[in-house]
Trainee: 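I'd like to ask some things about the structure below.
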Amino acid sequence: MAEKISLNKRVWTVVKEIPSGKVSTYKIVAEKLGTTAYRAVGSALNKNRCQEVPCHRAVNSSGKIGGFVYGSKNKKKLLQKEGIQFDGDKIYEFSKVLYKFK
DNA sequence: GCTTTGACTCTCG
DNA sequence: TCGAGAGCCAAAG
């Protein structure tokens with residue numbers, strides 16, 4: 001069926017599929033959407049202000065937070081409460097908490 | 001309708 | 001191994 005919704009809305013759907021204690025990267029999300037616009041994914045979330053989307057579970061491929069509306073520090077603590085471990089400014093065991101949307 | 005910006009990624013040095 | 005620069009796609013102005 002034809003999805004008339006914008007790409008950003010597709011991002012929410014994918015990001016919202018991420019369970020607690022797991023994270024995903026913009027690249028994977030973009031690939032799941034069938035596009036290579038990695039930047040568009042992040043930008044879409046930012047422009048939508050993460051209304052109902054756990055945008056804090058979306059990080060870059062480096063395992064870093066990048067920048068969020070809540071603040072990188074605040075989110076780091078938030079993710080830690082979710083069960084995500086951090087190594088400095090990066091996610092610890094990133095591959096293990098990486099959700100591939102199977 | 002065209003131009004600029006952007007929460008990124010990849011390759012080269 | 002770490003750092004800097006160029007590139008690609010989409011949305012907003």
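Note on naming: letters A, B, ... go to the chains in the order of the sequence lines (proteins, then strands), and numbering restarts at 1 for each one.
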Trainee: In this structure, how many angstroms lie between the C1' atom of B:dT9 and the CD1 atom of A:I28, rounded?
Mentor: 13 Å

Trainee: Any salt bridge (Lys or Arg N to Asp or Glu O under 4.0 Å) pairs touching residues 35-44 of chain A, not counting sequence neighbours?
Mentor: none

Trainee: What is the distance from CH2 of A:W12 to P of C:dA10, rounded to the nearest Å?
Mentor: 17 Å

Trainee: Specify the separation, in whole Å, of atom CG of A:N46 and atom P of B:dC8.
Mentor: 9 Å

Trainee: Write down the atom of A:I18, the atom of A:R57, and the distance for their closest heavy-atom approach.
Mentor: O-NH1, 2.9 Å

Trainee: Write out a two-atom table: protein N or O, nucleotide N or O from nucleotides 11-13 of chain B, distance below 3.5 Å.
Mentor:
none

Trainee: Look at the side chain of A:R39 and decide which nucleotide, out of C:dG7, B:dC10, C:dA10, has an atom nearest to it.
Mentor: C:dG7

Trainee: If you look at every heavy atom in A:A58 and A:Y26, which pair is closest and at what distance?
Mentor: O-OH, 3.2 Å

Trainee: Look for any protein N or O under 3.5 Å of an N or O in nucleotides 2-6 of chain C and output each such pair with its distance, or none.
Mentor:
none

Trainee: For A:V29 versus A:F101, what's the shortest heavy-atom pair and its separation?
Mentor: CG2-CE1, 4.0 Å

Trainee: If we only count heavy atoms from C-beta on, is the A:N60 to A:Y38 side-chain gap below 4.5 Å?
Mentor: no

Trainee: Sequence neighbours left out, what passes side chain to side chain contact (heavy atoms under 4.5 Å, CB included) with A:T35? Give chain and number order.
Mentor: A:L7, A:A30, A:L33, A:A37

Trainee: Can you find a side chain N or O atom of A:S61 that sits less than 4.0 Å from OP1 or OP2 on B:dT9?
Mentor: yes

Trainee: Rounded off to whole Å, could you give me the OH-to-P distance for the A:Y26 and B:dC8 pair?
Mentor: 6 Å

Trainee: Identify the pairs formed between an N or O of the protein and an N or O of nucleotides 11-13 of chain C at a distance under 3.5 Å, and give each distance.
Mentor:
residue : atom : partner : partner atom : Å
C:dA11  : OP1  : A:L7    : N            : 3.2

Trainee: Taking A:V41 as the fixed residue, which of A:T25, A:V11, A:V15, A:N8 is the one that meets the side-chain contact (heavy atoms from CB on, under 4.5 Å) rule?
Mentor: A:V11

Trainee: Got a salt bridge between A:K22 and A:E82, using NZ or NE/NH1/NH2 to carboxylate O under 4.0 Å?
Mentor: no

Trainee: To the nearest 0.5 angstrom, please state how far the CD1 atom of A:I65 sits from the NZ atom of A:K75.
Mentor: 5.0 Å

Trainee: Do any side-chain atoms of residues 85-96 of chain A form donor-acceptor pairs under 3.5 angstrom with protein atoms, and if so which ones, sequence neighbours left out?
Mentor:
residue : atom : partner : partner atom : Å
A:E93   : OE2  : A:K96   : NZ           : 3.1

Trainee: To the nearest Å, give me how far apart CD (A:E31) and P (B:dC8) are.
Mentor: 16 Å

Trainee: Between A:S24 and A:L98, which heavy-atom pair has the shortest distance, and what is it?
Mentor: CA-CD2, 3.9 Å

